[in-house]
Amino acid sequence: MVRIIMHGCNGKMGQVITGLVADDPNAQIVAGIDIADNRDNGYPVFTDIKKCDVAADVIVDFAAAVAVDALLDYSVEKQIPVVLCTTGLSDEQLAKVKECSAKVAILKSANMSLGINTLMKLLKDAANVFAPAGYDIEIVEKHHNQKVDAPSGTAIALADSINEARGGEYEYVYDRSQVRKKRDKKELGISAVRGGTIVGEHEVIFAGIDEVIEFKHTAYSKSVFAKGAVEAAKFLAGKPAGMYDMADVIG
Ligand SMILES: NC(=O)C1=CN([C@@H]2O[C@H](COP(=O)(O)OP(=O)(O)OC[C@H]3O[C@@H](n4cnc5c(N)ncnc54)[C@H](OP(=O)(O)O)[C@@H]3O)[C@@H](O)[C@H]2O)C=CC1
Ligand SMILES: O=C(O)C1=N[C@H](C(=O)O)C[C@H](O)C1
């Protein structure tokens with residue numbers, strides 16, 4: 001039985017995971033952390049992470065970027081591995097994640113779905129075919145109107161996947177409104193759309209002369225992320241310090 005602390009337990013993802021784990025004989029949420037203790041989750045909820053004294057094997061995090069520093073300090077101090085799913089981290093926070101991964105196991109992934117993690121692999125091959133042939137690369141992501149960060153962590157991860165395969169030749173462009181010049185070949189445009197209850201859509205476009213190739217992933221419910229997060233938690237429990245990602249879980 002894997003004992004989980006759910007960080008951000010009263011949020012949208014925290015609640016989907018609470019429901020999923022309730023039906024899982026091999027996992028249990030033993031405590032939650034959130035700003036407010038205003039729901040009956042069937043486990044204790046702490047409004048201050050420092051006060052959480054419940055023994056656990058792993059922390060699953062879907063909260064907010066502002067909460068990540070205290071979360072990392074806690075996981076290092078208590079030596080509890082963390083599945084870090086919150087997006088929109090600053091460069092300083094990303095450096096802190098790396099530093100803490102020398103002391104505790106951290107699995108960081110902007111997207112826990114099988115589809116996106118498979119797409120990341122496929123894009124490396126696609127980029128190595130289309131980039132040398134001069135195709136322009138653009139990413140468009142769409143999410144619900146409650147999302148605070150833009151572009152999505154997934155859009156950046158997809159771009160990073162392409163850029164890694166291409167030896168870092170691309171510069172990401174998020175806004176063309178202030179420039180009056182033609183697109184450079186080494187630009188990788190990333191655009192964000194926000195509206196309604198869109199769960200998550202990501203489109204990667206390779207645009208050449210007289211042909212366009214598009215890769216598209218659509219999440220129809222938050223369960224795809226929740227399932228991946230619980231799988232990742234089971235994988236990470238008991239692992240030594242280090243940086244892990246969903247590729248380690250999926251294989
Ligand atoms: N990696 C992945 O696959 C996915 C990642 N995400 C990311 O996960 C994060 C959460 O998403 P979602 O569940 O939709 O967001 P929500 O805003 O619905 O949930 C976040 C929860 O965390 C709480 N919270 C905010 N600040 C703190 C804090 N300092 N300490 C503890 N709890 C806090 C919020 O409280 P309050 O509402 O009062 O602010 C809320 O209850 C986002 O960064 C999102 O981008 C989302 C889906 C998939
Ligand atoms: O906030 C969300 O909802 C999501 N956030 C993640 C991201 O920023 O990439 C993953 C998913 O698309 C849903």
Side-chain angles (χ1 to χ4, degrees), residues 5-20 31-39 41 45-52 59-75 82-90 93-94 97 106-117 119-120 139-161 190-204 216-233 236 244-247 249-250:
I5 293 176
M6 184 66 232
H7 189 242
C9 62
N10 291 338
K12 293 183 282 297
M13 282 304 304
Q15 288 297 293
V16 175
I17 292 174
T18 297
L20 187 69
I33 318 281
D34 210 295
I35 284 184
D37 178 11
N38 54 7
R39 283 179 196 265
N41 287 318
V45 174
F46 296 82
T47 54
D48 179 354
I49 192 166
K50 290 193 213 98
K51 301 221 167 98
C52 178
I59 304 166
V60 173
D61 158 66
F62 286 90
V66 288
V68 165
D69 291 277
L71 167 68
L72 291 170
D73 294 341
Y74 180 86
S75 73
V82 57
V83 178
L84 191 61
C85 302
T86 294
T87 55
L89 307 195
S90 66
Q93 286 180 312
L94 292 173
V97 170
I106 301 180
L107 188 153
K108 185 172 99 51
S109 175
N111 198 301
M112 308 307 285
S113 74
L114 176 65
I116 285 287
N117 284 284
L119 180 56
M120 281 183 194
I139 297 176
V140 181
E141 59 96 338
K142 300 178 190 169
H143 282 88
H144 51 92
N145 60 21
Q146 298 301 296
K147 187 163 177 59
V148 291
D149 56 316
S152 68
T154 306
I156 297 168
L158 292 167
D160 287 347
S161 191
I190 305 180
S191 310
V193 175
R194 295 286 173 268
T197 57
I198 301 170
V199 176
E201 276 185 32
H202 291 89
E203 254 178 294
V204 183
K216 181 173 180 189
H217 178 267
T218 305
Y220 288 100
S221 90
K222 294 182 195 292
S223 300
V224 290
F225 312 128
K227 276 184 206 149
V230 173
E231 236 181 273
L236 201 65
Y244 299 83
D245 63 24
M246 277 309 275
V249 180
I250 292 162

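Whatever order the structure lists ligands and atoms in, that order sets their numbers, starting from 1. Count residues from 1 along the sequence.
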Worksheet item: Lys147 heavy atoms, cut-off 4.0 Å: which ligand 2 atoms fall inside?
Response: 1 (O), 2 (C), 4 (C), 5 (N), 6 (C), 7 (C), 8 (O)

Worksheet entry | Identity of the nearest option to atom 5 (C) of ligand 1, non-hydrogen atoms only, from Ala219, Ser113, Cys85 | Cys85

Worksheet entry | Reference residue Asn111; test side chain to side chain donor-acceptor pair (under 3.5 Å); the match among Thr87, Thr154, Asn117 | Thr154

Worksheet, complete the sentence: Short version for Met13: what comes under 4.0 Å of ligand 2, heavy atoms counted, is neither

Worksheet entry | Contact check: Gly153 vs ligand 2, nitrogen or oxygen atoms, below 3.5 angstrom | yes

Worksheet entry | Selection from Ala67, Gly153, Gly14 by shortest heavy-atom distance to atom 30 (N) of ligand 1 | Ala67

Discussion item. I'd like the name of whichever of Val83, Asn111, Thr87, Val45 reaches closest to atom 45 (O) of ligand 1 through any heavy atom.
Written reply: Thr87

Item to complete: Answer with yes or no whether the side chains of Thr86 and Asp61 bring together a donor and an acceptor at under 3.5 Å.
Response: yes

Worksheet item: Nearest to atom 47 (C) of ligand 1 by heavy atom, His7, Met246, Lys108, Met13: which?
Response: Met13

Discussion item. Measuring from atom 10 (C) of ligand 1, which candidate in Ala63, Cys9, Ala229, Gly200 has the nearest non-hydrogen atom?
Written reply: Ala63

Fill in: Proximity of Phe62 to ligand 1 by residue part, where a heavy atom lies under 4.0 Å
both

Practice prompt. Measure Thr154 to ligand 2 on non-hydrogen atoms and call it side chain, backbone, both or neither using the 4.0 Å cut-off.
Written response: both

Worksheet item: N/O of Asp34 under 3.5 Å from N/O of ligand 1, yes or no?
Response: yes

Discussion item. Is the contact between Ala110 and ligand 1 made by the side chain, the backbone, both, or neither, using heavy atoms and a 4.0 Å cut-off?
Written reply: backbone

Worksheet item: Heavy atom of His202 under 4.0 Å from ligand 2?
Response: yes

Discussion item. With nothing but distance in play, are any N or O atoms of Ser109 less than 3.5 Å from an N or O of ligand 1?
Written reply: yes

Discussion item. Within the structure, is a non-hydrogen atom of His144 found at a distance of less than 4.0 Å from ligand 2?
Written reply: yes

Worksheet item: Does ligand 1 have any atom that is closer than 4.0 Å to a heavy atom of Ala36?
Response: no

Worksheet item: In terms of residue, atom name and distance, what is the protein heavy atom nearest to atom 12 (O) of ligand 2?
Response: His143 NE2, 2.6 Å

Discussion item. Could you check whether any heavy atom of Gln15 sits closer than 4.0 Å to an atom of ligand 1, since that is the contact criterion I want to use?
Written reply: no

